[in-house]
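Some notes on the structure that comes next.
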Amino acid sequence: MSYGLYLMTALAGALYVLSPGPAFLALFSLAATQGRAAGARFVGGHLVGDLFWTALAFAAIIGVNQLGPLLFDLLGIACGLYLCWLGFKAVMSRGGAPAPIGANRPVMTGVLFGLTNPKAYPVSVAMFTALTAHYAAGLSWDAAPRLLVAAFAGFVLADIILVWAAGLAPVRRFFLRHGTAITRLVGLMFIAFGAKSLLDAGRGIAQRS
């Protein structure tokens with residue numbers, strides 16, 4: 001198998017992690033108040049979801065498994081409710097500087113973020129397909145474990161970069177200075193993502209009923 005396929009797979013994994021989103025902002029807010037160690041625990045938990053969705057993406061790309069739409073509609077409902085709940089807590093926080101999302105249990109919060117991200121599957125499929133299309137001949141089920149290892153390497157490298165950046169003094173000062181506004185902004189983003197997920201899932205179920 002071409003080493004280029006491994007490289008592109010690792011690059012796709014890194015870009016997938018580095019793409020801004022709710023978890024991206026949650027990490028920076030958490031690292032600003034709790035330090036790099038808490039941020040590292042958060043992304044460590046998030047890796048569980050990254051690997052899960054990447055495995056499903058590879059299965060779909062290779063063509064071994066086609067997941068039914070109902071599964072993703074039900075998952076979308078769960079994702080939407082979870083994100084709306086987190087967002088509501090952040091928006092309604094009162095007094096002083098509110099604790100960032102995940103401050104109490106960063107590892108478990110990271111796991112839940114990774115597993116309930118409503119955009120994880122389509123984004124990972126699109127990202128890995130775009131960057132590995134040139135090596136389509138090498139995309140086989142036998143190669144899937146090695147491809148997953150390459151993607152994992154990309155995830156870890158990107159997570160190291162993000163945790164390092166989140167712990168920089170100017171970044172932490174910015175998030176600390178504007179902590180309340182940022183936490184509530186992240187909360188609004190979560191509610192928007194959750195509402196969109198619920199809307200899409202409801203529309204999908206209605207169209208098939």
Kindly give the heavy-atom pair with the smallest separation between [X] and [Y], and that separation in Å.
| X | Y | answer |
| --- | --- | --- |
| F58 | T9 | CZ-CG2, 3.6 Å |
| A55 | L148 | N-CD1, 4.0 Å |
| P106 | A38 | CB-O, 3.7 Å |
| R36 | W164 | NH2-O, 2.7 Å |

Could you grab the distance from atom CE of M8 to atom CG of L15, nearest 0.5 Å is fine?
->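 Atom-to-atom, M8:CE and L15:CG are 9.0 Å apart.
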Which distance, rounded to the nearest 0.5 Å, do you find between the CG of L51 and the CZ of F155?
->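 Interatomic distance, L51 CG to F155 CZ, rounded to 0.5 Å: 6.0 Å.
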4.5 Å side-chain heavy-atom contact, [X] and [Y]:
| X | Y | value |
| --- | --- | --- |
| L47 | D159 | yes |
| V107 | F42 | no |
| T54 | F152 | no |

Residue pair L56, F52: steps toward the side chain to side chain contact (heavy atoms under 4.5 Å, CB included) verdict | CA-CA 7 Å; L56 292 185; F52 174 75; 3.8 Å; yes
Do the side chains of [X] and [Y] join up, straight or via other hydrophobic residues, at under 4.5 Å, putting them in one cluster?
| X | Y | result |
| --- | --- | --- |
| L168 | L30 | yes |
| V43 | M108 | yes |
| F174 | L27 | yes |
| L5 | L157 | no |
| V171 | I160 | yes |

Under the 3.5 angstrom rule, does the side chain of W53 hit a backbone N or O of G114 as a donor-acceptor pair?
->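 Yes, W53 side chain to G114 backbone: donor-acceptor pair under 3.5 Å.
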Residues in side-chain contact (heavy atoms from CB on, under 4.5 Å) with A158, at least two apart?
->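 Testing A158 for side-chain contact (heavy atoms from CB on, under 4.5 Å), a comparison that skips the adjacent residues, returns A14, V17, L18.
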Please test V149 against Y6 for side chain to side chain contact (heavy atoms under 4.5 Å, CB included), starting from the C-alpha separation and ending with a verdict.
-> CA-CA 9 Å; V149 170; Y6 292 130; over 6 Å; no
Salt bridge (Lys or Arg N to Asp or Glu O under 4.0 Å) partners of R203, counting only residues at least two apart |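 For R203, the residues satisfying salt bridge (Lys or Arg N to Asp or Glu O under 4.0 Å) (neighbours in sequence not counted) are D200.
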